[in-house]
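Have a look at the structure below before the remarks.
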Amino acid sequence: MEAMWSIVLITCVVSLLSGILEALRPNEKFNRQMRFLLASVFLLAVLTPLAGGLHNLHWDLDTDVTISTELNDTLSQQTLMYAQENLAQSLVEYLGDNGITEAKAQVQMHIAEHDRIEIDQVTVWCTDPPAAQMLIQQCLGEEVILHVEDVS
């Protein structure tokens, strides 16, 4: 706040000084030199309090990093949750499109290095387990742990 008061005060003083020098100017041929001189004085006068006030500014980088890490973790967990729900819903729709109705799916995933989402396990409850297992393994591959259970 003191820096702002200094800037305002300096601006008023420089404006007053500018008016006095303008009145005392001997003739028009000194216009460019007078403008340059006044602009330089004004710029230095305004920047000096700002430069003096910069040492009072400090950033709490540890707090910023902590907030950033917490936000990143929260976003990662939400992304993981939505990915699990989306894959489960997509599998149920995929099974329905292939004639296996009334299926339910649950997916477990984790976030691996380089922020990759990997599927750990898929559990499906349906009325035709052998067909569902074949379709899901074709879709997701052999490396995914798959449990298919009969609901009838």
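Put simply, the side chain of S76 reaches to within 4.5 Å of the side chain of N72, judged on heavy atoms.
One finds the CD atom of Q133 at 11.5 Å from the CD atom of Q138 (value rounded to the nearest 0.5 Å). To the nearest 0.5 Å, the span separating CD1 on I136 from SG on C126 amounts to 7.0 Å. One distance of note links CD of E85 with CG of L80; it measures 10.0 Å at 0.5 Å rounding.
With hydrophobic clusters built from ILVMFWY side chains whose heavy atoms lie under 4.5 angstrom apart, V144 does not share a cluster with M134. Residues V92 and L87 fall into different hydrophobic clusters, defined by Ile, Leu, Val, Met, Phe, Trp and Tyr side chains chained together at heavy-atom separations under 4.5 Å.
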Show me the side-chain donor-acceptor pairs of residues 101-114 shorter than 3.5 Å, one per line, residues at least two apart or across chains.
residue : atom : partner : partner atom : Å
H110    : ND1  : D120    : OD1          : 2.5
H110    : ND1  : D120    : OD2          : 3.2
H110    : NE2  : E118    : OE1          : 3.4

Donor-acceptor list for residues 93-100 side chains, cut-off 3.5 Å, not counting sequence neighbours:
residue : atom : partner : partner atom : Å
E93     : OE2  : Q89     : NE2          : 3.3
N98     : ND2  : Y94     : O            : 2.8

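No option in L135, I119, L146 other than I119 meets the side-chain contact (heavy atoms from CB on, under 4.5 Å) test with L140.
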